[in-house]
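A short worksheet on the structure shown next.
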Amino acid sequence: MRIRVRGWRWRRNPLRRRSDIVEAWTLLVVGVLLSVVAPLAGVAAGLHAHDRARTLAATQRAERHQVRAVVIGDTPERLSAVESEREHPYRAEVRWTEPGKGVRTAWARVPAGTRAGESVSVWFDSRGRNVAPPPDDAAVWQHTITVGLTAAGCTATVVFLCHAVERRIALRHRLAEWEREWARTGPRWTQPRT
């Protein structure tokens, strides 16, 4: 039957070693780092990522414009895996009327299943290139949460790795301490009794 004594590393007793005290303090520091520092690192990284993503989204909204265009020509062709997006994996020739510039035609990404003659929404940048739509608020928050959770997880991983290294070093010191104690005590135990 095992009896677990809580807090034995903190109490004074003749069996407590210096390595036990170091391990107790290390556990306390690891607990504080995991419960306070890791979440704060996640929140700080998330807030920083949110500001940057929001700024990028606002910049892209200012640079890009959406037009309603009509698909012309043949059936849209499938883009390669590198070029495609999940929402718009096909490319087709589209036509739209732009105020002051007249009728324009360009190749643009369109949703799957689009047929010639259908109206689609496409996005263009200031140079007239077809681009993805700017991120909306949901995408910004998704990026924020992902970065925050990743930062908190990475911080916790570093804390656990440092704790594992410390435990290995403490074990090595503890074994060396036991060897020294046994070298001092062992001869008294192993001498033949006369």
Side-chain angles (χ1 to χ4, degrees), residues 29-168:
V29 168
V30 165
V32 168
L33 289 174
L34 288 177
S35 60
V36 176
V37 175
L40 284 178
V43 167
L47 289 174
H48 179 70
H50 182 73
D51 288 342
R52 290 188 56 145
R54 208 173 55 196
T55 303
L56 177 68
T59 303
Q60 287 183 356
R61 272 189 227 105
E63 292 173 351
R64 300 174 181 189
H65 62 282
Q66 181 181 19
V67 297
R68 290 296 293 172
V70 176
V71 176
I72 58 173
D74 298 332
T75 307
E77 60 186 52
R78 182 136 177 96
L79 293 173
S80 69
V82 175
E83 293 178 310
S84 72
E85 301 172 24
R86 280 189 301 197
E87 295 173 7
H88 303 292
Y90 291 91
R91 213 170 96 127
E93 193 172 8
V94 296
R95 181 182 9 193
W96 73 97
T97 304
E98 201 166 312
K101 295 184 180 176
V103 176
R104 298 195 55 196
T105 305
W107 285 89
R109 291 184 174 107
V110 296
T114 305
R115 304 211 185 287
E118 289 186 25
S119 180
V120 294
S121 293
V122 291
W123 287 83
F124 292 98
D125 64 5
S126 57
R127 293 189 225 157
R129 294 180 301 182
N130 178 235
V131 292
D136 58 355
D137 286 339
V140 169
W141 278 106
Q142 183 180 21
H143 177 71
T144 300
I145 291 169
T146 301
V147 169
L149 289 175
T150 302
C154 288
T155 303
T157 301
V158 168
V159 169
F160 279 127
L161 287 175
C162 289
H163 180 60
V165 168
E166 183 277 330
R167 291 226 16 178
R168 177 166 248 171

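Nothing fancy with the numbering, it's 1 onward along the sequence.
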Is the NE2 atom of His65 crowded by more than 12 outside heavy atoms at less than 6.0 Å? yes
Decide if atom CD of Gln142 counts as having more than 12 heavy atoms of other residues, nucleotides or ligands within a radius under 6.0 Å. no
Scan for salt bridge (Lys or Arg N to Asp or Glu O under 4.0 Å) pairs involving residues 48-62, sequence neighbours excluded, and state none if there are none. Asp51-Arg54
Tell me, do [X] and [Y] make a side-chain contact under 4.5 Å, heavy atoms counted?
X: Pro135; Y: Gln60; value: yes
X: His50; Y: Val140; value: yes
X: Arg109; Y: Val122; value: no

Val147 to Gly46 - nearest heavy-atom pair and separation: CG1-N, 4.5 Å
Shortest non-hydrogen contact from Ala151 to Ala41? CB-O, 4.0 Å
Measure the spacing between [atom1] of [X] and [atom2] of [Y] and express it to the nearest 0.5 Å.
X: Phe160; Y: Thr155; atom1: CZ; atom2: OG1; answer: 12.0 Å
X: Glu63; Y: Thr59; atom1: CD; atom2: OG1; answer: 6.5 Å
X: Ile145; Y: Thr150; atom1: CD1; atom2: OG1; answer: 11.5 Å
X: Leu56; Y: His143; atom1: CG; atom2: NE2; answer: 8.5 Å
X: Arg129; Y: Arg64; atom1: CZ; atom2: CZ; answer: 9.0 Å

Are side-chain N/O atoms of Arg68 and Ser119 paired as donor and acceptor at under 3.5 Å? yes
Apply side chain to side chain contact (heavy atoms under 4.5 Å, CB included) to the pair Val71 and Glu93, showing each step before the final yes or no. CA-CA 6 Å; Val71 176; Glu93 193 172 8; over 6 Å; no
Exactly one of Val110, Val67, Val70 should register a side-chain contact (heavy atoms from CB on, under 4.5 Å) with Val94. Which one does? Val110
Give a yes or no answer on whether the side chain of Asn130 reaches the backbone of Trp123 with a donor-acceptor pair at less than 3.5 Å. yes
